[in-house]
*Asks:* 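Okay, here's the structure, questions in a sec.
Because only heavy atoms are used, hydrogens play no part in the values below, and waters and symmetry mates are left out as well, while side chains stay in. Quantities reported herein were computed from a predicted structural model and do not represent experimental measurements.
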Amino acid sequence: HEESEIKEEQLIKEEDIVITLTYSGYVKQLPLEQYKMQRRGGKGVVGAQLKEEDAIKQVIVTSNTNQLLIFTNKGKVHWIKAYEIPESSKHSKGKHIANLLKLEKDENINAVLSVAKFDANKFIIAATKNGLIKKTNLEEYSNPRYGGIKAINLKNNDELVDVKITDGNSTVVLATSNVFALKFNESYV
């Protein structure tokens, strides 16, 4: 008989899931099959139970075996497997993200990216409140570290606003709160 190590991921049955994240930091997952297409005149269904002052920030449809890159306003990135997000009912608010990740005081989640494969031909574009833009090869995020790492160095009370995965030749549009916009090809970054 042979001995071999079995990783937790090998015991997980791959399925499509929906992950919801609220502005106050509550996160949960539901199987995608719990959502169904409605016909004309449908009223919709409850997707989450929220506190009165809370709202859904991001909805991610992904595989439960994908890696989630979680970016914070402080410019850090944390890693968590999608199956590690607690499964909850539609009528639950979920679990606070601070119970799953090691976050600093006043550190909030600004974006979550789902990654199936850390492809060298893909990039991450990050934008900050003060207009700094950084482009990084997706492959550089393939080595998860407990406690996260700095994805972007911030100065002068700057904050990370959003991040997106690109193919290296995408058109980027940045908009300000003053209704100004800038459109450019990411090859300039």
Side-chain angles (χ1 to χ4, degrees), residues 16-32 35 46-116 118 122-138 140-166 172-177:
D16 290 331
I17 60 172
V18 176
I19 295 175
T20 57
L21 173 69
T22 69
Y23 280 95
S24 63
Y26 287 92
V27 65
K28 70 177 180 178
Q29 70 157 297
L30 289 162
L32 181 61
Y35 294 90
V46 173
Q49 187 71 38
L50 302 173
K51 294 190 287 185
E52 195 171 305
E53 65 278 356
D54 204 3
I56 299 288
K57 182 175 191 165
Q58 193 171 356
V59 176
I60 304 131
V61 178
T62 186
S63 168
N64 62 342
T65 57
N66 281 5
Q67 185 79 43
L68 298 179
L69 299 178
I70 300 175
F71 292 84
T72 71
N73 61 325
K74 305 270 186 177
K76 287 180 77 175
V77 60
H78 297 268
W79 292 262
I80 190 169
K81 284 291 196 174
Y83 62 79
E84 295 179 281
I85 303 289
E87 190 172 331
S88 299
S89 72
K90 288 182 184 179
H91 301 286
S92 165
K93 65 181 176 183
K95 193 170 193 174
H96 201 278
I97 196 79
N99 296 324
L100 304 172
L101 301 174
K102 186 179 177 182
L103 298 177
E104 297 174 10
K105 185 179 178 187
D106 299 328
E107 191 172 19
N108 301 312
I109 306 302
N110 276 7
V112 178
L113 300 177
S114 175
V115 179
F118 289 91
K122 299 279 185 178
F123 299 89
I124 289 183
I125 295 239
T128 71
K129 187 170 87 175
N130 291 344
L132 181 68
I133 297 176
K134 180 180 179 183
K135 180 178 173 182
T136 311
N137 193 296
L138 179 61
E140 292 186 33
Y141 293 96
S142 64
N143 188 14
R145 293 190 187 94
Y146 177 76
I149 63 167
K150 279 274 190 193
I152 189 168
N153 289 321
L154 302 173
K155 298 175 183 167
N156 303 329
N157 296 326
D158 202 3
E159 289 187 10
L160 183 66
V161 175
D162 204 0
V163 295
K164 297 292 181 198
I165 295 178
T166 67
V172 178
V173 178
L174 296 176
T176 70
S177 59

*Asks:* Got a second to check how far Ile125's CD1 is from Leu174's CG, nearest 0.5 Å?
*Replies:* 8.5 Å
*Asks:* Would you give the length of the straight line joining atom NZ of Lys134 to atom OG1 of Thr128, rounded to the nearest 0.5 angstrom?
*Replies:* 11.5 Å
*Asks:* List the atom of Ala82, the atom of Asn64, and the distance in Å for their closest heavy-atom pair.
*Replies:* CB-O, 3.6 Å
*Asks:* Just wondering, are more than 12 heavy atoms of other shown residues or ligands nearer than 6.0 Å to NZ in Lys155?
*Replies:* no
*Asks:* Looking at every non-hydrogen atom in both residues, tell me the closest pair between Ile56 and Tyr23 and how far apart they are.
*Replies:* O-CE1, 3.6 Å
*Asks:* Which pair of non-hydrogen atoms, one from Leu103 and one from Ala98, has the smallest distance, and what is that distance?
*Replies:* CD1-CA, 4.2 Å
*Asks:* Would you please test Ile109 and His78 for side-chain contact (heavy atoms from CB on, under 4.5 Å) and show each step?
*Replies:* CA-CA 10 Å; Ile109 306 302; His78 297 268; 5.6 Å; no
*Asks:* Search all heavy atoms of Leu160 against all heavy atoms of Ala126 and return the closest pair with its distance.
*Replies:* CD1-CB, 3.7 Å
*Asks:* Roughly how far, to the nearest 0.5 Å, is CZ of Phe123 from CD1 of Ile165?
*Replies:* 12.0 Å
*Asks:* For Leu100, check side-chain contact (heavy atoms from CB on, under 4.5 Å) against everything at least two apart and list the hits.
*Replies:* Val27, Ile80, Ile85, Pro86, Lys95, Ile97
*Asks:* Do Ser24 and His96 have side chains that get closer than 4.5 Å, going by heavy atoms?
*Replies:* no
*Asks:* Given the rule in the side-chain contact (heavy atoms from CB on, under 4.5 Å) test, do Lys57 and Asn110 qualify, once you have shown the distances and angles that lead to the verdict?
*Replies:* CA-CA 9 Å; Lys57 182 175 191 165; Asn110 276 7; 3.4 Å; yes
*Asks:* For a quick test of your reading: what N or O donor-acceptor pairs under 3.5 Å do the side chains of residues 66-73 make, sequence neighbours left out?
*Replies:*
| unit_1 | atom_1 | unit_2 | atom_2 | d |
| --- | --- | --- | --- | --- |
| Asn66 | ND2 | Thr62 | OG1 | 3.0 |
| Asn66 | ND2 | Ser114 | OG | 3.1 |
| Thr72 | OG1 | Lys74 | N | 3.3 |
| Thr72 | OG1 | Lys76 | N | 3.4 |
| Thr72 | OG1 | Glu107 | OE2 | 2.8 |
| Asn73 | OD1 | Asn108 | N | 2.7 |
| Asn73 | ND2 | Asp106 | O | 3.4 |

*Asks:* Do you know which two heavy atoms are closest between Leu138 and Phe118, and how far apart they sit?
*Replies:* O-CD2, 3.5 Å
*Asks:* Drop me the distance from Thr65's OG1 to Asp16's CG, to the nearest 0.5 angstrom.
*Replies:* 9.0 Å
*Asks:* Using 30° and 60° as the class limits, which term best fits the ring planes of Tyr141 and Trp79: parallel, tilted or perpendicular?
*Replies:* tilted
*Asks:* What are the two closest heavy atoms between Ser88 and Gly94, and how far apart are they?
*Replies:* OG-CA, 3.9 Å
*Asks:* With no hydrogens and no angle check, is any side-chain donor or acceptor of Asp158 less than 3.5 Å from a backbone partner on Lys129?
*Replies:* yes
*Asks:* Using 0.5 Å steps for rounding, measure from the CG atom of Leu21 to the CD1 atom of Ile60.
*Replies:* 6.5 Å
*Asks:* Return the set of residues passing side-chain contact (heavy atoms from CB on, under 4.5 Å) with Ser177 (not counting sequence neighbours), or none when no residue passes.
*Replies:* none
*Asks:* Let me confirm one number: the CG-CG distance from Leu132 to Leu154, rounded to the nearest 0.5 Å.
*Replies:* 7.5 Å
*Asks:* Could you walk me through whether Val61 and Val18 pass the side-chain contact (heavy atoms from CB on, under 4.5 Å) test, one step at a time?
*Replies:* CA-CA 5 Å; Val61 178; Val18 176; 4.2 Å; yes
